[in-house]
Each structure stands twice: as structure tokens, then as C-alpha cells.
Amino acid sequence: MLEAVLLGFLFSIFLVFAGRYFRGKLAVLSALIPISLFVYFASFINEVAQGKVILESVEWIPSFGVNLSFTLDGLSLLFALMITGVGSLVFLYTAAYLKNHKYLDRFYGYLSLFMSAMLGLVLSDNLMSMFIFWELTSISSFYLIGFNNDKADSRKSALTALGITGIGGLLFLGGAVLLGDVAGTYRISEMLGMSDSILKSPEYILIVILIFAAAFTKSAQFPFHFWLPGAMKAPTPVSTYLHSATMVKAGVYLLFRMSPVLGGSDFWHHTLIIFGAITMLYSAIHIIFRTDLKGILAYSTISALGILVFLIGIGTQAALIAASVFIIVHALYKASLFLITGIIDHETGTRDITQLSGLKKVLMPVAIAGFIAALISGGVPPSLGFVGKDLIYEATLHFENNAILLTVIAIATNILLFYAGFVAGVKPFFGKLPDKFEKVHMPSPLMWIPPLLMTVGGLIFGIFPGLIETTFAKPIVNALVTDTEDFHLKLWHGFNTILALSATTLVLGTILYFTIKPKHKLEQAISKLDRIAPKNLLFKLSNGFVDFSSLWTSVFQNGYLRHYLSLIVAFLIIAVGFLLFKDFSLNIDLRSLSRVTIYEISILTMLLCSVLYTVFTKSRLAAVASMGVVGLSFSLLFLFYSAPDLAMTQFSVDTLTVILFVLVLYKLPKYLNLSDNKVRIKHGILSLVFGSMITLLILRVLSEPKNTEISEYYAENAYTLAHGKNIVNVILVDFRGIDTMIEISVLIVAALGVFGLLKLRLKSKDKK
Amino acid sequence: MEILLAIMTGILYASGIYMIMRRSLVKLILGIVLLGNGVNLLIFVLGRITKGEPPIIDDSQKVLEGIYADPIPQALILTAIVISFGLQSFAIILVKRAYKVLKTDDLDQLNTTDEDS
Amino acid sequence: MKTLILRSASSYLLPVLLIFSVFILLRGHYLPGGGFVGGLVAAIAFVLDAFANGLKKTKILIKIHPGFLMPLGLLVAFLSGISPMIIADMPIMTGLWAGHPIPVIGAIGTPLFFDIGVYLVVIGASLTIIFTISESA
């Protein structure tokens with residue numbers, strides 16, 4: 001399985017080098033990857049249907065418990081097949097849709113990167129590797145949404161999507177780490193048995209909130225739904241693949257996966273039901289106000305995701321069956337509708353539903369696909385959609401509380417989804433063909449066969465629901481519910497309440513379709529409410545954040561050296577000063593201090609005078625000369641306090657420094673009185689406070705006993721081990737020789753720097 | 001004496017920082033030199049000061065005994081002195097070159113990275 | 001600065017200072033001194049000569065560009081550092097000592113060569129800095 005996951009990654013790396021050969025007809029060949037993966041995963045159907053769970057584990061970072069463990073049960077198999085199946089069709093479709101596009105190879109690279117990440121995500125048994133794949137899907141979707149990177153809109157949408165899903169990913173990481181901490185393992189399969197202790201742990205609520213936030217952002221639940229309509233800026237194959245069939249279902253997948261582990265509390269169920277219900281109804285109502293085909297599909301996708309979250313929230317066996325069937329239904333019809341929209345857009349150049357009509361004359365096979373897709377979407381028998389809708393009603397009707405309310409919400413949503421399906425799949429093809437579209441011609445079969453295949457599949461599954469029952473529905477339920485009851489998927493249940501509800505849905509949906517026509521006016525009307533939409537509120541928040549950061553930057557990073565320095569010094573004063581005064585005890589034992597002699601006093605006075613003169617003199621030469629005196633006083637000081645080596649070195653360096661200064665002094669600018677007195681006083685006070693703090697710090701350290709262990713070691717071993725009697729020199733050339741080695745290298749670098757800077761100057765002069 | 005040296009270190013730090021905060025480039029370099037001296041003195045004082053007992057083993061002995069100045073800060077400062085010479089010369093040349101190219105020694109006019117400023 | 005006194009003094013000062021610098025270098029292991037100080041003193045000797053006789057003459061006197069002393073010194077120091085690894089299969093920078101000590105210099109061992117490397121690097125670096133600056137000044 002590892003190889004299957006890695007295949008797409010390897011292919012996208014391969015495209016970096018060999019991409020240009022894949023721009024032409026060869027592009028079709030890249031579909032071999034998802035097709036072969038589809039076949040590979042399909043070969044597991046039988047095994048999984050018999051209840052087997054295939055586990056594979058490769059050690060990655062065993063010390064942190066992070067491994068590439070993969071599991072293949074009913075749930076992950078369904079997702080894997082959806083990813084590779086829809087992927088195959090999308091790969092084929094893209095070859096025609098983006099034919100001769102300059103960056104077609106890049107597009108395939110992103111697509112296969114995404115496919116692999118998504119496969120890794122649904123197959124991962126380890127929360128950490130799942131997180132990594134989760135983030136990879138966000139990143140690859142960022143590239144895909146922003147594929148038309150010359151358009152500002154695309155870039156903005158890509159950023160929004162990345163921002164929202166990225167934040168979700170971070171929260172997922174938080175949840176995963178917490179959960180791993182509580183459970184003591186990151187393997188989901190090992191967590192299954194611990195759900196009781198996890199439920200009782202104090203972190204449980206926090207974990208659930210974090211996991212919900214991750215799932216809701218990824219699966220575009222209210223109030224994070226707005227990135228999905230924005231993401232429709234991507235080329236249609238991307239919308240098809242990522243934003244209807246696979247990536248947006250990652251959140252749903254996570255909830256599915258986690259429901260046996262975390263799903264035992266009222267909090268879990270109620271939150272999911274509430275958010276799912278709000279999302280499905282809210283975005284279903286939005287559909288009425290849209291005129292862009294992709295916009296309609298985007299909102300109906302959000303609504304469908306809401307239904308899935310809602311069903312997981314209900315969490316009964318019936319609800320889980322309904323959810324698993326509905327995933328298949330939705331993938332089949334929504335992907336087809338997206339592909340059909342892509343064809344319409346590609347051939348007519350518009351997606352405005354108010355302009356499109358009568359296209360069946362010129363695009364007959366597409367019209368057939370659209371019609372079937374609408375049937376599936378609307379849940380018209382004998383399509384699979386009918387089976388799915390029945391299962392949803394069954395789940396809501398038999399839920400223990402508020403069954404009526406939930407059913408009503410579900411019916412309302414389904415009516416609106418019926419409307420959406422017919423507007424997107426049927427309306428463009430019927431009615432009068434406008435003159436301007438008469439020259440529209442059929443696209444390449446690569447484009448119209450994939451939607452047709454999927455919709456026909458939806459019909460066949462509807463007529464023979466048993467195909468899905470054994471292969472997917474039962475293994476999924478087995479993976480998620482411990483004690484299962486036997487069940488059978490059927491198209492025809494006989495005359496009962498559910499059939500009546502279905503019929504109501506169909507009738508009301510049909511009425512809605514014929515009464516409400518998409519109009520621009522409606523769209524404009526609703527756009528007035530945008531100001532209070534979650535999207536804009538979040539944008540305002542992010543803009544505020546940006547403003548705050550730029551304010552922060554302009555305050556702290558304004559490019560003036562003295563400003564930076566003042567900040568650093570002020571911070572040091574506060575930080576060190578605080579620690580210093582927290583337990584301040586200045587108990588210097590005066591007796592332990594050495595006596596002050598007249599020589600010392602005179603050296604210090606000399607030092608003090610020369611330092612002050614350096615600071616306050618107005619002449620550069622005087623400043624350099626007094627710098628020399630500072631150095632000399634230092635070498636006297638060192639000589640006095642038993643450091644002859646230092647004294648010699650300081651003296652020589654001092655000589656060289658003064659020579660150096662004198663050599664360049666007249667090339668240097670004269671002093672100017674640049675700062676005004678106020679600034680000087682401010683800086684003076686700051687420096688003095690800093691200096692006093694250093695003094696206090698030294699006194700504080702001096703009051704502590706000194707650790708002489710290392711010095712004693714050197715004192716004892718300098719001669720016996722290193723045959724030297726000048727310990728300072730022995731330390732330099734023997735004990736700490738490597739340090740000295742590096743220090744002389746630094747010196748060489750400085751010399752080369754000087755050399756280089758001056759030679760550079762000569763050269764640029766030559767040029768002039 | 002340590003108290004006086006501690007105060008001296010504080011003065012060196014204060015004057016170094018003050019000089020670095022001036023707008024003139026030359027003062028910046030002088031400030032760096034002063035600050036460097038201050039750091040040397042800080043290390044030296046923290047290693048405790050000892051009069052007339054350099055860390056050198058007598059001819060007749062093999063081990064250093066009794067009172068002696070701590071050799072470790074001395075070794076640290078020795079290399080620091082030499083390296084600060086390299087640093088100072090590099091800084092001087094940098095300032096000189098900046099002055100030549102940009103025709104200003106006002107640090108406040110060097111606050112952008114743009115070529116055309 | 002080409003005064004007569006300095007010029008005539010420098011012709012004696014240069015060799016004396018150079019010998020003195022080598023002396024400081026060699027005795028460093030036993031008494032105050034060593035590669036750093038020795039190198040600086042040698043550098044001062046050459047700078048003094050340059051002040052007295054002009055940079056050109058000093059450069060002719062040295063023959064090679066002082067910059068070449070830097071890699072040379074680094075090489076000497078490095079070789080002395082790794083020689084214990086090669087010769088005696090000991091860890092890097094372990095002191096190797098040869099038999100009996102000789103007067104003034106004392107025992108001869110790899111640390112001495114290391115110090116000579118430091119000496120060369122310090123001369124090279126200081127002279128490179130000062131010479132390039134005075135050339136361009």
C-alpha cells in the first residue's frame with residue numbers, strides 16, 4: 001500500500017524533469033496512474049467484503065510513535081476507490097479540457113500530488129501521518145485553485161482556501177497530539193478499544209472541539225463554508241475532483257474514522273447534528289440565489305457535506321448506512337455535473353444559467369448525462385439517489401428525539417437539492433437554443449464519456465443496490481459499529497411513510513423547478529447581506545490582523561539603528577533588572593575585596609578621563625587619541641592584575657588600532673551635530689541606566705562564591721599533561737586548541753573582508 | 001577595588017551604548033570599541049582579580065598552587081582582543097566605503113535597503 | 001613621516017623587533033608570550049618599517065604578499081592539530097612531545113607548531129589589513 005500511496009508523489013517528481021513531454025497527446029497516458037491504482041484497490045473488494053481488514057506498517061519515526069501505518073477497511077476502501085476512480089476520469093477529462101495549455105504538465109503534477117496525499121490520508125492508521133497527508137492535500141489544493149495564477153481572483157481564493165484549511169490542519173494537529181497523549185498511541189486501530197477511557201478523560205471536550213474544527217474547515221461546514229465557492233475559481237477538473245468528490249470529504253472521513261473512538265457522547269452527536277443541519281439548509285437556500293452554474297454546484301456541495309455531517313451526528317446504524325450510500329451518490333452525480341458544467345463552459349464560454357438553454361441540440365450525449373445526473377441528484381427512482389434519500393429519511397425518522405424536526409429539515413434540503421440538480425443538469429439543455437450557440441460543437445469524447453460513465457453507474461447501482469450493499473455499505477458499517485444488525489439495500493420498500501416523504505420531495509422539487517427561475521436580481525438582492533456573512537467577518541478579522549502586524553512592524557522595525565538598540569537595551573534593562581531586583585541582596589564582604597592602592601586609582605582615573613573624553617570631544621583626532629589611552633590603561637590594568645599576556649596583547653593591538661585609525665581618519669567624515677539635545681539626554685539616560693544595571697549585575701555575581709573547578713584542573717595539569725608553564729598559553733594552544741583554530745580563522749575572514757572591500761572599490765572605480 | 005572596576009565596566013557599557021546610538025558613523029565605531037573593552041573588563045572582573053600572581057608555574061614546580069589569577073578569563077580575553085582588532089578594522093573599512101558610496105555618514109539616512117535611496 | 005631619525009633607527013629596529021617577536025613566540029609556553037603577541041609584535045615591526053621607508057620598500061623587503069601567510073599559518077596549525085591522529089592514532093589536538101627539552105624553547109611538540117601557525121596567521125592578517133588600508137588611503 002505504501003507503494004500505491006507513493007506512486008503519485010513519484011509521478012509528480014518525475015513530471016518536474018520530463019513534464020514537457022506530457023503536454024501533448026501523451027497527457028492521456030498519465031491517467032494510467034489513477035487507473036492502475038483503481039484496479040489495484042478494486043482487487044481488495046472481495047477481501048474487504050468478507051470482513052478482512054488489511055494492515056500495513058512501515059516504521060518512520062518510531063521514537064515518536066509516528067509510523068506510516070495503513071489500514072484498508074470498508075471505509076478507506078470506498079474512499080480509495082472514489083479517489084482513484086473519479087481521479088481516472090478527471091485525468092482523462094483534463095487531457096482534453098486543458099489541451100495545449102502551457103502548464104498542463106504542472107497541472108498533472110499537482111493533481112497526482114493531490115491524489116497521493118488524499119490516498120495517504122484515507123489509508124493512514126496513524127494520526128500523525130494522517131495529519132501530514134491532510135496538510136499535503138491543503139497545499140496541493142492551494143496550487144490547484146490558484147492554477148490560473150495570473151488572475152488576482154484565483155490567487156485570493158487560493159489563499160483563502162489555504163488559510164481556512166491550514167488553520168483547520170493546525171487544530172487537527174493539536175487534537176491529534178492531545179488524543180495521542182490521552183490514548184498513549186497514535187494508531188487509530190489501537191484507540192478503538194479505548195473509547196471509554198478517552199470519553200472520561202478531562203481533555204475529551206477539547207479534543208472533540210479541535211477535531212470538529214479540523215473537519216468543519218476542511219469539509220466547508222458553516223461558518224467556514226465560504227472558501228468552497230471561492231475555490232470554484234479553479235479549473236473545472238479541480239472543482240470536480242477536489243471540491244466535490246474527494247478533498248472536501250476528508251473532513252467527513254475524519255468524522256467517520258473518529259466516531260467509534262470519540263463518538264460516544266451527547267456533545268459529539270448534538271454538535272454534529274446542529275452544525276450539519278444549519279449547513280445543509282443554509283447553503284441549500286443559497287442555491288436559489290445563484291446564477292453561476294459552478295456557484296450552484298458549490299452551494300449544493302456544501303449542502304451535501306452538511307447532510308453527511310448531520311448523518312454522522314445522528315450516528316445510528318441506519319444513519320451510517322445512509323451516509324455511506326449518500327457519499328457514493330454524491331460523488332457520482334456531483335462530479336458528473338461539474339464535468340458537464342466544464343463542457344458547457346468550454347464550448348459556449350459562459351456558465352451563466354440565465355443565458356444557457358436548448359443545448360441538447362448540439363450536445364446530445366452531454367444532455368443525456370446531465371439528465372441522468374439530475375435524476376440521481378433529485379433522488380428519482382430508479383437511480384441510486386432514490387435509495388440514498390430513502391435511507392436518509394429512514395435515519396431521521398427513527399432518531400430518538402426531534403425526529404419530526406430533523407426529517408422536515410432533511411426534506412427541505414432535499415427539495416432544494418433536487419432543484420439544484422435539475423437547474424445544473426437539465427435546464428441548460430432544454431428550451432430554445434439561442435442563435436449564438438448554434439455553432440457549438442461536441443467536445444472530444446475524453447470529455448463527455450466520463451460524466452456519462454458515472455451517471456450510468458449511478459443508474460445501475462440504483463437498480464441493483466445489492467452491488468453496493470456487500471461491497472461497501474456492510475464493510476463500512478462493520479468498521480464503525482460494533483454490534484451490527486443485518487440489513488439490505490433495496491430500491492423498492494413497498495408503500496410506507498418513507499415512500500410518501502420521497503414522493504413529497506419529488507413533487508415539491510418539481511414545482512420549485514418550474515416556478516423559480518434563476519435571476520440576476522435575486523443574486524444581487526442577496527449580495528446585500530454579504531456584509532454580515534461569515535466570510536466578510538473573517539476577512540475583516542484577517543485584515544485587522546494584517547493592519548496590526550504592519551503597525552507592529554513600523555513601530556519595532558523602522559530601520560533606525562538607535563531605535564533598535566534602544567529597544568534591545570530597554571528590554572534587557574527590564575528583563576535583567578526584574579530578575580536582579582526580585583531577590584536583590586548585595587552582601588559584598590568588604591574584607592574579601594582587595595585593597596585599593598594609589599596606582600590603581602591613578603590607572604582608573606586615567607581610564608575614566610579618556611573614556612569620557614572619547615565620548616564628549618568634538619574632534620575626531622582627539623577621540624582616536626583618547627581611545628589609544630583607553631587601550632593603554634587597559635594594558636596597565638591587566639599588568640597590574642596578574643595578566644601579563646593580556647597586557648602585552650592589548651598593548652600591541654592598541655598600537656595597531658591607533659595606526660589604523662590614523663591611516664583612515666582623514667578619509668572619514670567629520671563629526672556633525674546631528675541629534676538634538678532632547679534625544680541625547682534620552683539616550684544618555686538609557687545608557688546610564690543600562691550601565692548601572694551592568695554594574696549591579698557584576699556586584700551580584702561577585703557576591704556569589706566562585707566555581708574554580710576548571711581553573712584548578714588547568715593549574716594542576718598544565719605541566720604534567722601539556723608540558724607548559726604559562727597556563728594561559730597552554731589553554732590557547734593545547735587544551736582549547738580547536739577554539740583557537742576557529743578564532744584565527746575568524747581573523748583571516750576579517751582580513752579577507754577588508755581586502756575584498758577595498759579591492760572591490762578599486763574595481764568599480766575602474767569601470768567608471 | 002572590585003566595586004570600582006564594576007562601576008568602571010558600567011561606565012564603559014554606558015558610553016559604548018551611547019556612542020553607538022549616535023547618528024555619526026565614526027562614533028558608531030568608537031562605540032563598538034568602547035563596548036568591546038567593557039565586555040573584556042566584565043569577563044575579567046567576573047573571574048575575580050588577583051594582584052601579582054600570574055597563572056604561570058614556577059620553574060621549580062610542576063603544579064600551580066596557592067593563590068593565582070584565573071587563567072580562563074585571560075585566555076578568553078586574549079583572543080577577544082585580537083579578534084576585536086579584526087572586527088574594528090572591518091567596521092572601519094565598511095564605514096569608509098559606505099561613506100564613499102552613499103555620500104552620507106548619517107545613520108538615519110541608511111535606514112532603507114533600497115538601492116535608490 | 002619619513003624623518004631621518006626614524007629611518008636610521010628602523011634599519012636596526014626591524015631585525016631586533018623581529019627577533020624579539022620570535023623570542024616571545026618561542027617562550028610562550030613557559031613565560032608570558034605566545035603566538036598572538038609575537039605575531040602582533042612582528043606586525044608592528046613591519047608597520048614601523050613601512051612608516052620609515054615607505055610601504056613599497058617594505059613590500060619589496062617582505063617579497064611575498066603578507067596575505068599568503070594566513071593560509072600558510074592556518075595550514076601549519078591544522079597539520080599540527082591532526083598530526084597526532086596520523087602519527088600516533090590519538091585524538092585530534094593531543095600534544096606530541098619530542099624527547100628532551102632544549103634551552104629557551106623548552107620541550108618541542110605539536111603545540112609549539114600550533115603556536116607558530118597562530119603567529120603566522122596573526123602577522124598575515126594584521127599586515128594585510130594595515131597594508132591594504134594604507135594603500136588605498
Side-chain angles (χ1 to χ4, degrees), chain A residues 639 642-657 659-668 718-719 721-741 743-759 761-762 765, chain C residues 21 24 27-44 47-48 50-51 66-67 70-71 73-74 77-78 80-81 92-95 97 101 106-118 120-122 124-137:
Chain A
L639 195 62
S642 333
D645 290 285
L646 289 190
M648 288 161 76
T649 316
Q650 176 78 48
F651 182 77
S652 329
V653 164
D654 195 44
T655 316
L656 285 176
T657 312
I659 289 173
L660 194 71
F661 265 104
V662 172
L663 276 176
V664 288
L665 190 67
Y666 290 100
K667 298 278 169 178
L668 288 179
Y719 190 72
L721 286 182
H723 302 264
K725 292 194 166 176
N726 177 3
I727 298 177
V728 176
N729 188 265
V730 170
I731 291 176
L732 283 177
V733 301
D734 202 326
F735 286 128
R736 309 293 310 167
I738 293 179
D739 293 359
T740 312
M741 187 86 188
E743 276 148 11
I744 54 179
S745 312
V746 172
L747 197 63
I748 290 176
V749 171
L752 289 179
V754 170
F755 191 73
L757 268 179
L758 288 171
K759 291 292 156 191
R761 186 189 69 86
L762 292 175
K765 212 179 200 177
Chain C
S21 78
I24 290 178
R27 72 174 209 151
H29 225 52
Y30 291 88
L31 292 161
F36 280 107
V37 191
L40 288 169
V41 171
I44 291 172
V47 172
L48 203 62
F51 266 32
M70 300 192 289
L74 204 59
F78 182 69
S80 85
I92 192 164
M93 298 302 284
T94 315
W97 299 92
I108 292 186
T110 49
L112 182 68
F113 288 100
F114 187 83
D115 223 5
I116 291 172
V118 173
L120 292 176
V121 169
V122 171
S126 328
L127 285 185
T128 307
I129 290 170
I130 300 227
F131 282 4
T132 16
I133 288 175
S134 56
E135 263 172 11
S136 70

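Chain letters run A, B, ... following the sequence lines, proteins first, then strands; residues in each count from 1.
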Honestly, the part of A/Thr655 sitting under 4.5 Å from a heavy atom of chain C is side chain
Criterion side-chain contact (heavy atoms from CB on, under 4.5 Å) on A/Leu758 and C/Glu135, from CA distance to verdict:
CA-CA 9 Å; A/Leu758 288 171; C/Glu135 263 172 11; over 6 Å; no
Quick one, A/Asp645 and C/Phe36 - any side-chain contact, counting heavy atoms below 4.5 Å?
no
Sorted by chain and residue number, the side-chain contact (heavy atoms from CB on, under 4.5 Å) partners of C/Pro111 (sequence neighbours excluded) come out as A/Val733, A/Asp734, C/His29, C/Trp97
Taken in chain and number order and not counting sequence neighbours, the residues that satisfy side chain to side chain donor-acceptor pair (under 3.5 Å) with A/Ser652 are none
Nearest heavy-atom contact between C/Pro32 and A/Met648 is CB-SD, 4.1 Å
Applying a strict 4.5 Å limit to non-hydrogen atoms, the region of C/Phe78 in contact with chain A is both
If one checks every heavy atom of A/Leu646 against chain C at 4.5 Å, the contacting part turns out to be neither
When the 4.5 angstrom heavy-atom criterion is applied to A/Tyr719 and chain C, the contacting part is side chain
Tell me whether C/Phe131 at atom CZ has more than 12 heavy atoms from other residues, nucleotides or ligands lying less than 6.0 Å away.
yes
Of the listed A/Ala750, A/Gly724, A/Ala647, the one with the largest count of heavy-atom pairs under 4.5 Å with chain C is A/Gly724
On a heavy-atom basis, the closest approach of C/Ala43 and A/Leu656 is CB-CD1, 4.4 Å
- Determine, stepwise, if the pair C/Phe114 / A/Met741 fulfils side-chain contact (heavy atoms from CB on, under 4.5 Å). CA-CA 9 Å; C/Phe114 187 83; A/Met741 187 86 188; 3.8 Å; yes
When the 4.5 angstrom heavy-atom criterion is applied to C/Ile24 and chain A, the contacting part is side chain
Distance col, row C/Ile130:CD1 vs A/Leu663:CG, nearest 0.5 angstrom, shows 6.5 Å
Most heavy-atom pairs under 4.5 Å with chain C, out of A/Thr649, A/Ile748, A/Val754, belong to A/Ile748
Of the listed C/Ile44, C/Val41, C/Thr128, the one with the largest count of heavy-atom pairs under 4.5 Å with chain A is C/Ile44
Between C/Met70 and A/Ala751, the two heavy atoms sitting closest are SD-CB, 3.7 Å
Honestly, the part of C/Leu74 sitting under 4.5 Å from a heavy atom of chain A is both
Between C/Gly33 and A/Asn729, the two heavy atoms sitting closest are O-ND2, 3.6 Å
In terms of heavy-atom contacts, C/Phe51 and A/Ile659 come closest through CZ-CG2, 3.8 Å
Whatever's closer than 4.5 Å to a heavy atom in chain C on A/Val728 counts as neither
